[in-house]
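Note that the structure is a prediction, hence the values are computed from the model and not measured. All heavy atoms count here, side chains included; hydrogens, waters and symmetry mates do not.
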Amino acid sequence: MKPTWTGVYPAVTTPFFQDESLDLDMFNFNIEKQIEAGVHGIIICGSLGENGTLTNDEKLTLLDSAKKTIAGRVPLVICIAECITREAVALAKTYEQAGADGFMLLPPMRYSADEREILHYLHRVADSTDLPVLAYNNPLAYKNFISIPMFHDLAANPHFEAMKESTGDVRYMTDIINEFGGRFKIMSGVDDLAYESLVMGADGWVAGLVDAFPRETVVIYELVKQGRYEEARAIYRWHFPLMHLDVSTKFIQNIKLAQVATGLGTEWVREPRLPLAGEERERILKIINDSLATRPFLPQI
């Protein structure tokens, strides 16, 4: 099912048991709840899915399991975040054969590459299959920045259909739109900038807190796209303290704790990450519980 790169695409977490083995039942349960809430696609094995702690075999297991659960109802996108170009190429080919519908592709990991190296990597991986690509631009977390001149280079490659805009500066998105028009679909990648990004023309939202609050996230998106800005803004303001949890070093632990509170996930993470503890855990729980106590009525969309 070809991604349209519009709408809400949850970057789903990877649930574990306490012994760090995959909890596939919870993984599929959460995906099912996302689809029931009206999301428009599913992204697995992203940063929130703890990509860097998963083996290649585990990633393929998650892809196969998600594919069966989704059963063609929405597109299934898998993240590629690798250090070695040939390994990224090999994974892309394997994922295509295993039934992925598209890729979310990060620039090379761990190495602060120059523009020529980043572009070479992105083109090599994208050209290794026939699947469409969402280029993930997150220089704050991953150091490698895809600039407007670099997007001009990517624009000549039809595999690059969309970009995940996670620079943290909503002004950059307007520069992209002014420069390229509709050449690239734009997916907002920062939860607490999503409303602003959607109002300013983003086509969709790669969301994090959606893992715990799927319906609220979808309703915000749909209301904005219907021009019902005040209704969307009211829900967004309620959601805002939760959305801040996505912009944190421990965003995975934060969101998994929120999933426990809403019955949509487990708290276990894979080491070296550890579940939240002590005052930090209590502080995050208070944010979650305060929000749950004032959970808003959602209008019809």
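D290 has its side chain out of reach of P241: every pair of non-hydrogen atoms, C-beta onward, lies at least 4.5 Å apart. Inter-residue side-chain proximity for N56 and L91 is flagged as met; some heavy-atom pair is nearer than 4.5 Å. Residues I176 and F151 have side chains in contact (heavy-atom distance under 4.5 Å, counting atoms from C-beta outward). Contact check for F145 versus M150: no side-chain heavy atoms found under the 4.5 Å cut-off. Here the side chains of E271 and L274 are in contact, with some heavy-atom distance below 4.5 Å.
A salt bridge is absent between E222 and K225; no separation between the charged side-chain nitrogens and carboxylate oxygens falls under 4.0 Å. No salt bridge links K286 with E279; every basic N to acidic carboxylate O contact stays at or beyond 4.0 Å. For E20 and R273, the salt-bridge test fails: no basic side-chain N is under 4.0 Å from an acidic carboxylate O. Using a cutoff of 4.0 Å between basic side-chain nitrogens and carboxylate oxygens, R171 and E196 are not scored as salt-bridged. Classification of D101 and K67 as a salt-bridged pair holds, one side-chain N sitting under 4.0 Å from a carboxylate O. Look at E82 and K59 and you find a salt bridge, because one of the NZ, NE, NH1 or NH2 atoms lies within 4.0 Å of a carboxylate O, short of that distance.
Test I31, D64, L76 against T69 for side chain to side chain contact (heavy atoms under 4.5 Å, CB included) and you get one pass: I31. Of the listed residues (T4, T6, L198), just one forms a side chain to side chain contact (heavy atoms under 4.5 Å, CB included) with D203, and that residue is T6.
The hydrophobic cluster containing M26, built from Ile/Leu/Val/Met/Phe/Trp/Tyr side-chain heavy atoms closer than 4.5 Å, also comprises F29, L264. Residue V190 belongs to a hydrophobic cluster whose other members are L193, V247, with links defined by side-chain heavy atoms closer than 4.5 Å.
Nearest heavy-atom pair, C45 versus C79, reported as atom, atom and distance to 0.1 Å: O-CB, 3.1 Å.
Taking the six-membered ring for Trp and the full ring otherwise, the centers of H123 and F160 sit less than 6.0 Å from each other. When ring centroids are compared, Y9 and H40 stay outside the 6.0 Å threshold.
Within 6.0 Å of atom CZ in R295, more than 12 heavy atoms from other residues, nucleotides or ligands are found, so the atom counts as buried in its surroundings. Within 6.0 Å of CD in E36 there are more than 12 heavy atoms belonging to other residues, nucleotides or ligands. R110 CZ: 12 or fewer foreign heavy atoms inside a 6.0 Å radius.
Proximity of a side-chain donor or acceptor of K256 to a complementary backbone N or O of T14 within less than 3.5 Å is detected.
Inspection of the Q259 and T13 side chains reveals an N or O donor paired with an N or O acceptor under 3.5 Å. No hydrogens or angles considered: nothing links the side chains of W268 and D23 as a donor-acceptor pair under 3.5 Å. Side-chain atoms of D127 and N157 form a donor-acceptor pair, as typed in the model, at a separation below 3.5 Å. Using modelled atom types and a 3.5 Å distance limit, the side chains of E165 and T167 yield a donor-acceptor pair.
Taking the six-membered ring where the residue is Trp, H152 and F180 present tilted rings, their angle falling between 30° and 60°.
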